There are 2 protein chains.
Amino acid sequence: MTISSGGVPSPKYQRLAADLRRRIAEGEWRDGNALPVETELEQQYGVARNTVRLAVDVLVNEGRLVRLQGKGTFLREHPVLDHRAFGPLLPSQRGDGLAAPSAVYHSEAEQAGRRLSAEFEMLIVRARVDVAERLGLQPGEAVVVRRQLRLLDREPYSIEESHYRAGVAAGTALMEPDPVPGGDEAVLAELGRVEVGAVDQLVARMPGPEEAQWFQGGPGVPLLVQTRVTYDRRGPVRVIETRYSADRCRLIYGLGRLDARVK
Amino acid sequence: MTISSGGVPSPKYQRLAADLRRRIAEGEWRDGNALPVETELEQQYGVARNTVRLAVDVLVNEGRLVRLQGKGTFLREHPVLDHRAFGPLLPSQRGDGLAAPSAVYHSEAEQAGRRLSAEFEMLIVRARVDVAERLGLQPGEAVVVRRQLRLLDREPYSIEESHYRAGVAAGTALMEPDPVPGGDEAVLAELGRVEVGAVDQLVARMPGPEEAQWFQGGPGVPLLVQTRVTYDRRGPVRVIETRYSADRCRLIYGLGRLDARVK
DNA sequence: GGTGATTTGTGCGTATGTATT
DNA sequence: TAATACATACGCACAAATCAC
C-alpha cells in the first residue's frame, strides 16, 4: 500500500477511495482521460481486484466516476444548463415570470450554445394521490397528463408532466396528443383560467429503476424534482411535475426586487 | 431462483434487486422490521452471498435500504420537514417573504411537532471562487462565514453558511462568534443594507466525504443545495449557501399572487 | 470484416473482522 | 459469553463490450 495508513485505521477500500479522490482533485486524469485500469490499481496498491472495485464503487456512487464496460473508468463530466424557473426573463423572452413556455427553454439552451429537443406524449390516467390532493380531486379521478421528454444535446435532460383535471381539459386542445403552439397557457387563457400564482415544492432523490433507465445517469446522479401547483383566482389549475437529471441542471429563482442587479 | 427469469436476460443480482423492490412495494417488511438476513436471501434465491450483497447495494444506493452492521437491513425512513424558502409566511411569522430568520425555521418545525436546534460557528476564510464572483470580490479576498449547523430531532438536517465581504462585517456584530438575536438581517439593516431581492440557485448532488460524515445519511441520500445571493439597491449583499439532507427536507417557494389559495 | 487483446461486468467460494443482541 | 448479522478482503473464472490490428 502506497497510501499512508498511519493514524487512520479505516478499511483498505476506504483509504483507497480517499487516495483516488485526492489524485482526482490534484488533477491527474484531466479531461477525458481514463483512470488506470483495475489490474494496474491492484498492483499500485497491492490489493485484490475486489478491493479496487469496492473503492471505485464509492466514487461512482458519489457521482465522481463513470465506468464503461470495455473502455475504462473516467471522470464524470458536468455540463450544466441553467433553467430559470421563476423571475424576470431576459428581454428577448415573453412571459410574466411564472409561465415558462417551451420557447423559453429553447432560447435558454440556444444562448448557451446547446440544443434542446423534446418528445411529446398525452395520456389519461387516474390521478396520483398527491396530485389529486393538490387539485382538490376525489382519489382515483381521471386526469389528463401532458408530458414533455426533453433532451439536451441528444441526452436526457428532464421529464415535465402537466396534470389537468379531466373537466378542465375536455373539449380543448389539451386533449390532443400534440403540443399546443404557444403553450398550454394559451388554452387555459381562452378558458378564462389565467395562472397568477404558484407554489413550488423542490426535492432531490435518487431515480427509481425506470427513471434511471430513461435518464441514463447511472448511479451517483440524483434527480431534482420540482412540483408546481399553479393557481388562478378560483383555485388550483394544474400540477406540473418536472424531474431533472441533477448533473445537467441548475434551477434559478429570481425573487423580490432585482432592479439593481439581475446578474 | 424463484424469480421469473423468463424474458429478461439481465444479471442475477439485478433481477434479485428488482424482486426486492417488488416485495418492498408490496409491503413486506413494513415499518421498522428488518429484511431477511443475507444468508437467508442466499437460500431463498439460491445465489452466493456476494450476489445478495450486490443486489442490496443497488437498493442502498437508490436510498431505499439502510444496512446496520450487527443489526440487519432495513427500509429507509423518510420523515420530511417542509421549509418555506420564499413566499407569504404564516400570519404568526414576521418577515417579508425574503428573509428567513432562525425563528421561522423553529416555528416551522414546532408546528410539525419536531424540534430544531442549531450550532453556530463564525470563521474568516478566503472566498471560494464562485462566492467571490457573486459578491464582486477579487479572487482570494477574505470573507466572513457565519455557519449554522441545524439538527432536526437531534439528527443532522442542514448546513447554512452566510458569506459576507469582510468590509461589510467589520466592526459589527457579524464579527462575533455568536448568532445575532433577531438575525443577521437586523445588523445589515442598521448598516443601511436592506435586502430587497435575491437570486436562488438550486442543485442536487451526492455529498462528498466530509459532508457524508456530518449528515450521516449514508449512500443513496443526495444533498439539496440552495445558493442565494441577496441584493439591496447598491448590489449584492451576501451569499447564503444552504445544504439540506435531501431525505429530510422539501423546499417550498410561493410565487406570484396567492391571495386565493395559500395551501 | 474478423480476430484477438484489453477492460469492465457478473458470479462463485472462502475466511476473518466488527458491531449488536 | 456466545450467537447473529453485516463488513472487509482475498482468490478464481468466465461473460460482454470495446478497440487495435
Side-chain angles (χ1 to χ4, degrees), chain A residues 1-3 5 8-20 29 32-61 64-76 209 212-213 216-220, chain B residues 1-3 5 8-20 29 32-76 209 212-213 216-220:
Chain A
M1 278 287 261
T2 45
I3 313 175
S5 44
V8 194
S10 55
K12 276 188 189 176
Y13 81 95
Q14 286 185 19
R15 292 202 308 260
L16 210 168
D19 200 59
L20 292 177
W29 319 312
N33 288 326
L35 267 65
V37 300
E38 292 175 350
T39 52
E40 192 181 327
L41 289 176
E42 286 184 51
Q43 294 165 3
Q44 282 187 17
Y45 292 97
V47 298
R49 177 163 173 234
N50 215 309
T51 306
V52 170
R53 285 187 66 80
L54 277 180
V56 174
D57 276 344
V58 173
L59 301 199
V60 166
N61 287 316
R64 299 170 189 268
L65 295 180
V66 187
R67 282 200 278 222
L68 298 178
Q69 185 173 1
K71 299 184 74 171
T73 304
F74 303 84
L75 296 191
R76 182 180 285 282
Q213 182 160 29
Q216 292 292 0
Chain B
M1 271 302 249
T2 45
I3 313 174
S5 44
V8 195
S10 54
K12 276 188 190 176
Y13 81 96
Q14 287 185 20
R15 292 201 307 259
L16 210 168
D19 199 58
L20 291 178
W29 319 313
N33 290 327
L35 267 66
V37 300
E38 294 177 347
T39 52
E40 191 181 328
L41 289 175
E42 286 184 51
Q43 294 164 4
Q44 283 187 17
Y45 292 97
V47 299
R49 169 144 183 256
N50 214 311
T51 305
V52 170
R53 284 188 67 81
L54 277 179
V56 174
D57 276 345
V58 173
L59 301 199
V60 167
N61 287 316
E62 285 178 3
R64 299 171 190 266
L65 296 180
V66 187
R67 281 200 278 222
L68 298 178
Q69 185 174 359
K71 300 186 73 170
T73 303
F74 303 84
L75 296 191
R76 181 180 287 282
Q213 181 159 31
Q216 291 292 0

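Protein chains get the first letters and strands the later ones, always in sequence-line order, with residue 1 at the start of each. The shown structure was predicted, so the numbers you read here are calculated from the model rather than taken from an experiment.
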Would you say A:K12 reaches D:dA7's phosphate, i.e. side-chain N/O to OP1/OP2 under 4.0 Å?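 Checking D:dA7 against A:K12, no side-chain N or O comes under 4.0 Å of OP1 or OP2.
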
Sequence neighbours left out, what passes side chain to side chain donor-acceptor pair (under 3.5 Å) with A:R49? Give chain and number order.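 Result, side chain to side chain donor-acceptor pair (under 3.5 Å) vs A:R49: A:E38.
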
How would you list, by chain and number, every residue that makes a side chain to side chain donor-acceptor pair (under 3.5 Å) with A:E40, sequence neighbours excluded?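 Partners of A:E40 under the side chain to side chain donor-acceptor pair (under 3.5 Å) test: A:Q44.
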
For A:L54, which contact category applies under a 4.0 Å heavy-atom criterion: base, sugar-phosphate, or nothing?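 No contact.
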
Distance, rounded to the nearest Å, where A:Y13 contributes OH and D:dC10 contributes C1':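 Nearest whole value for this atom pair: 16 Å.
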
In whole Å, I'd like the distance from the CG atom of B:L65 to the P atom of D:dC6.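 Taking atom P of D:dC6 as the reference, CG of B:L65 is at 11 Å.
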
Where [X] and [Y] come nearest, the two heavy atoms and their spacing:
| X | Y | result |
| --- | --- | --- |
| B:P219 | B:R76 | O-NH2, 3.6 Å |
| A:E42 | A:A48 | CG-C, 4.1 Å |
| B:P209 | A:R64 | CD-NH2, 3.5 Å |

Go through the structure and list residues passing side-chain contact (heavy atoms from CB on, under 4.5 Å) with B:L35, not counting sequence neighbours.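 Per chain and number, B:L35 pairs via side-chain contact (heavy atoms from CB on, under 4.5 Å) with B:W29, B:L65, B:T73, B:L75.
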
Kindly indicate, with the supporting measurements, whether the criterion salt bridge (Lys or Arg N to Asp or Glu O under 4.0 Å) is fulfilled by A:D19 and A:K12. CA-CA 10 Å; A:D19 200 59; A:K12 276 188 189 176; over 6 Å; no

Starting at the 5' end of DNA chain C, which residue's closest nucleotide do you reach first, A:N50 or A:R53?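 That would be A:R53.
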
Please list, in numerical order, the residues of residues 34-42 of chain A that have a heavy atom closer than 4.0 Å to any atom of DNA chain D.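 Under 4.0 Å from DNA chain D: no residue of residues 34-42 of chain A.
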
Within the supplied structure, the quantity of interest is the number of heavy atoms (other residues, nucleotides, ligands) at a distance under 6.0 Å from B:Q14 CD; does it exceed 12?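 Enclosed.
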
Going 5' to 3' on DNA chain C, which nucleotide is the first and which the last to come under 4.0 Å of a heavy atom in chain A?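 That gives a stretch of C:dT7 to C:dT10.
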
With sugar-phosphate taken as primed atoms, P, OP1 and OP2 and all else as base, the protein-contact string of nucleotides 13-21 of chain D at under 4.0 Å (heavy atoms; B, S, -) is B--BBSS--

State, with a plain yes or no, whether a side-chain heavy atom of A:T51 is found less than 4.5 Å away from one of A:Y45.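 Not touching, per the 4.5 Å side-chain cut-off.
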
So how far is it from A:L20 CG to A:L59 CG, rounded to the nearest 0.5 Å?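 The distance works out to 5.5 Å.
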
The test is side-chain contact (heavy atoms from CB on, under 4.5 Å); show your working for A:R67 and A:D57 and say whether it passes. CA-CA 9 Å; A:R67 282 200 278 222; A:D57 276 344; 2.2 Å; yes

